Number of protein chains: 2
Amino acid sequence: MVTLSDSIEDYIKKLLSLSSRLYVDIRRRELAQKFSCAPSQINYVLERRFSAERGYLIESRRGGRGYIRIYRINPLQKQAWKAVIDYLAGGDFEPDKALQFIKRCREENIITRREGRILQALLKDELYTALVSPEIKVRSLQKRIFKAAIEEILKGSY
Amino acid sequence: MVTLSDSIEDYIKKLLSLSSRLYVDIRRRELAQKFSCAPSQINYVLERRFSAERGYLIESRRGGRGYIRIYRINPLQKQAWKAVIDYLAGGDFEPDKALQFIKRCREENIITRREGRILQALLKDELYTALVSPEIKVRSLQKRIFKAAIEEILKGSY
DNA sequence: TGGATAAAGGTCAGTTAAGGTCAAATACCG
DNA sequence: CGGTATTTGACCTTAACTGACCTTTATCCA
């Protein structure tokens with residue numbers, strides 16, 4: 001089932017892969033027109049599919065000659081891994097961010113498809129509800145479990 | 001006597017047998033319309049007739065363009081995992097038992113080293129205690145989480 | 001030169017289109 | 001008759017998508 005968001009995502013990724021620089025510029029209006037959708041749809045896609053956790057950065061300018069620039073940030077180095085995980089695990093845990101991070105790990109082939117699926121499954125709220133409450137406890141547990149799982153992956157040898 | 005559930009079950013199985021992939025996607029609404037029944041009837045059939053024990057797995061997405069995906073577990077895999085699946089369909093849960101399964105799976109090379117480590121990590125009591133009690137709840141949670149992970153592995157291709 | 005205007009993009013609440021849950025009602029079977 | 005399986009309906013959650021309204025920037029012209 002391919003959604004509009006999927007198509008827009010694919011299109012932008014294609015642009016990125018064709019670009020010799022590490023970013024591409026788009027015009028929100030144009031893209032929206034190309035896909036016959038509301039301009040705000042583009043923001044939606046950027047937010048959901050091109051977040052920092054996924055390894056992208058967005059910058060933009062309004063007004064005449066405005067644009068949206070999408071950067072693909074460098075692949076994760078061993079060192080940077082720890083930082084991302086600490087960041088995700090610091091403060092309130094947001095499963096959605098963790099999920100995005102998983103997507104990125106997949107794209108960079110740091111984890112296998114199966115591992116990605118396992119990690120994703122561990123973040124589902126339904127696993128915890130009825131057994132754990134209030135919500136804050138659910139988050140803490142998810143955090144612990146996510147961290148534990150990812151650390152095992154980090155420990156290495158395939 | 002042939003019940004509605006029977007017909008729906010047959011229909012889905014037919015779809016699966018016609019599919020070249022190891023899953024089919026359905027739309028709950030559509031199916032319900034096709035069989036002139038309440039949408040929740042579909043969930044009922046899936047729950048009763050397409051459980052892991054019977055060799056199937058379900059996954060779904062809500063919202064616009066939502067879907068329900070039904071996997072048929074590859075018979076070979078099912079064979080290999082039968083003991084685990086049956087164990088998980090039963091009542092209580094002992095982490096030690098699960099650990100033994102993991103070990104066995106490693107020896108037979110049906111999971112990778114990394115997957116083995118992840119699964120093991122998920123069973124550690126320390127992850128749960130302090131956040132969950134009494135012990136019976138810890139066990140239930142461990143079971144759910146372990147089961148969720150196993151099911152993702154069962155979903156297939158590497 | 002600076003104020004009006006046009007041409008971008010941003011935000012956010014609300015709508016639509018899915019699927020999920022659970023308990024109550026009903027049907028079937030031994 | 002009692003218990004189990006089926007079926008339904010009311011209500012909930014979630015993801016995608018839209019539209020109205022807001023802000024920023026460039027540029028043009030008096």
Side-chain angles (χ1 to χ4, degrees), chain A residues 1-12 23-51 54 57-71 94-100 103 120-121 123-131 133 135 138 142, chain B residues 1-12 23-51 53-54 57-71 144 148:
Chain A
M1 314 265 152
V2 175
T3 67
L4 217 202
S5 295
D6 292 332
S7 314
I8 298 174
E9 176 186 1
D10 289 349
Y11 179 74
I12 294 174
Y23 63 81
V24 284
D25 290 337
I26 60 168
R27 322 203 108 224
R28 196 178 73 147
R29 277 266 176 103
E30 262 179 31
L31 245 202
Q33 236 150 44
K34 184 180 177 77
F35 287 95
S36 311
C37 63
S40 53
Q41 175 72 20
I42 307 300
N43 300 80
Y44 175 75
V45 173
L46 293 176
E47 184 190 315
R48 303 286 299 212
R49 315 283 172 92
F50 293 87
S51 63
R54 280 207 190 197
L57 282 179
I58 307 298
E59 120 194 340
S60 67
R61 207 162 87 195
R62 307 183 184 194
R65 310 260 170 126
Y67 61 86
I68 298 177
R69 179 164 294 175
I70 302 153
Y71 289 85
E94 292 164 83
D96 189 54
K97 289 191 174 171
L99 209 106
Q100 307 254 322
K103 292 256 162 69
Q120 269 188 63
L123 294 175
K124 298 222 155 121
D125 277 7
E126 312 90 86
L127 276 184
Y128 304 87
T129 46
L131 244 35
S133 65
E135 206 198 320
V138 174
Q142 280 173 321
Chain B
M1 197 218 172
V2 177
T3 67
L4 217 200
S5 292
D6 292 332
S7 316
I8 297 175
E9 178 185 1
D10 289 348
Y11 179 75
I12 294 174
Y23 61 81
V24 284
D25 289 336
I26 60 167
R27 321 201 113 225
R28 196 178 73 149
R29 279 264 180 105
E30 262 179 30
L31 245 202
Q33 237 151 41
K34 185 180 177 74
F35 288 93
S36 311
C37 63
S40 52
Q41 176 74 21
I42 307 300
N43 299 79
Y44 176 74
V45 173
L46 293 175
E47 187 188 310
R48 305 293 301 236
R49 315 283 175 88
F50 292 86
S51 61
E53 266 180 293
R54 292 180 181 236
L57 293 171
I58 308 298
E59 105 190 356
S60 68
R61 199 170 82 194
R62 305 186 187 191
R65 305 276 165 120
Y67 61 85
I68 298 177
R69 179 164 295 173
I70 303 152
Y71 289 82
R144 274 197 200 169

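Just so we're on the same page: letters track the sequence lines, and every chain starts at 1. Source: prediction; values computed, not measured.
- Checking the phosphate oxygens (OP1, OP2) of C/dG10, a side-chain nitrogen or oxygen of A/S60 falls inside 4.0 Å.
- Note: CD (A/E30) to C1' (C/dA7) measures 13 Å, nearest angstrom.
- Formation of a donor-acceptor pair under 3.5 Å by the A/Q100 side chain with backbone atoms of A/R48 is found in this model.
- Between B/I70 atom CD1 and C/dG19 atom C1' there is a gap of 13 Å when expressed in whole angstrom units.
- Side-chain contact of B/T3 with B/D6: a donor-acceptor pair under 3.5 Å is present, judged by distance alone.
- C/dG19 atom C1' lies 13 Å from atom CD of B/E59, rounded to whole Å.
- One can place CD1 of A/I8 at 18 Å from P of D/dA15, the figure rounded to the nearest angstrom.
- Two residues are said to be in side-chain contact when any heavy atoms from C-beta on lie closer than 4.5 Å; B/R49 and B/Y44 fail this criterion.
- The nearest heavy atom of DNA chain D to A/R65 and to A/S36 marks one nucleotide each, and the one closer to the 5' end goes with A/S36.
- Take the nearest nucleotide of DNA chain C for A/I26 and for B/Y67: the residue whose nucleotide is more 5' is A/I26.
- Here the side chain of A/R27 is nearest to one of C/dA8, D/dA16, C/dA18, namely C/dA8.
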Can you build the contact string for nucleotides 21-27 of chain C? Use B for base contact, S for sugar-phosphate-only contact, and - for no protein heavy atom under 4.0 Å.
BB-----

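- Taken over five-pair windows at either terminus, the axes of the helix from C/dT1-D/dA30 to C/dG30-D/dC1 are inclined to one another by 10° (rounded to 10 degrees).
- One finds a side-chain N or O of A/R61 lying less than 4.0 angstrom from the OP1 or OP2 phosphate oxygen of D/dA26.
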As a quick check of understanding, evaluate side chain to side chain contact (heavy atoms under 4.5 Å, CB included) for A/I12 and A/L46, giving each step before the final call.
CA-CA 10 Å; A/I12 294 174; A/L46 293 176; 4.1 Å; yes

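- Regarding A/I42, its CD1 atom lies at a distance of 15 Å from the P atom of C/dT11, rounded to whole Å.
- Distance CZ (B/R29) to P (C/dT16): 13 Å, rounded to an integer number of Å.
- Following rounding to the nearest Å, B/R69 (CZ) and C/dG19 (P) show an atom-to-atom distance of 13 Å.
- Distance alone, capped at 3.5 Å, places no donor-acceptor pair between the B/R69 side chain and the B/L57 backbone.
- In this structure, A/L46 places its CG atom 14 Å from C1' of C/dT11, rounding to the nearest Å.
- Contact between the side-chain N/O atoms of A/R48 and the OP1/OP2 oxygens of D/dA16 is found at a separation under 4.0 Å.
- The distance from atom CD1 of A/I42 to atom CD1 of A/I68, rounded to the nearest 0.5 Å, is 7.5 Å.
- Looking at A/E59 and A/Y67, their side chains come closer than 4.5 Å, going by heavy atoms from C-beta outward.
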Does the pair B/R65 and B/R27 meet the rule for a side chain to side chain contact (heavy atoms under 4.5 Å, CB included), with working shown?
CA-CA 9 Å; B/R65 305 276 165 120; B/R27 321 201 113 225; 4.3 Å; yes

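- Side-chain atoms of A/Q142 come within 3.5 Å of backbone atoms of A/L123 as a donor-acceptor pair (strictly under, hydrogens ignored).
- Counting non-hydrogen atoms under 4.0 angstrom, B/G63 reaches a base of the nucleic acid.
- Both B/R49 and A/V45 lie near DNA chain D, and the one whose nearest nucleotide falls closer to the 5' end is B/R49.
- For the OP1/OP2 pair of D/dT7 and a distance below 4.0 Å, the side-chain nitrogens and oxygens of B/S5 include at least one atom meeting the criterion.
- One finds a side-chain N or O of A/Y44 lying less than 4.0 angstrom from the OP1 or OP2 phosphate oxygen of D/dA16.
- B/F50 and B/Y71 have their aromatic ring centers separated by at least 6.0 angstrom.
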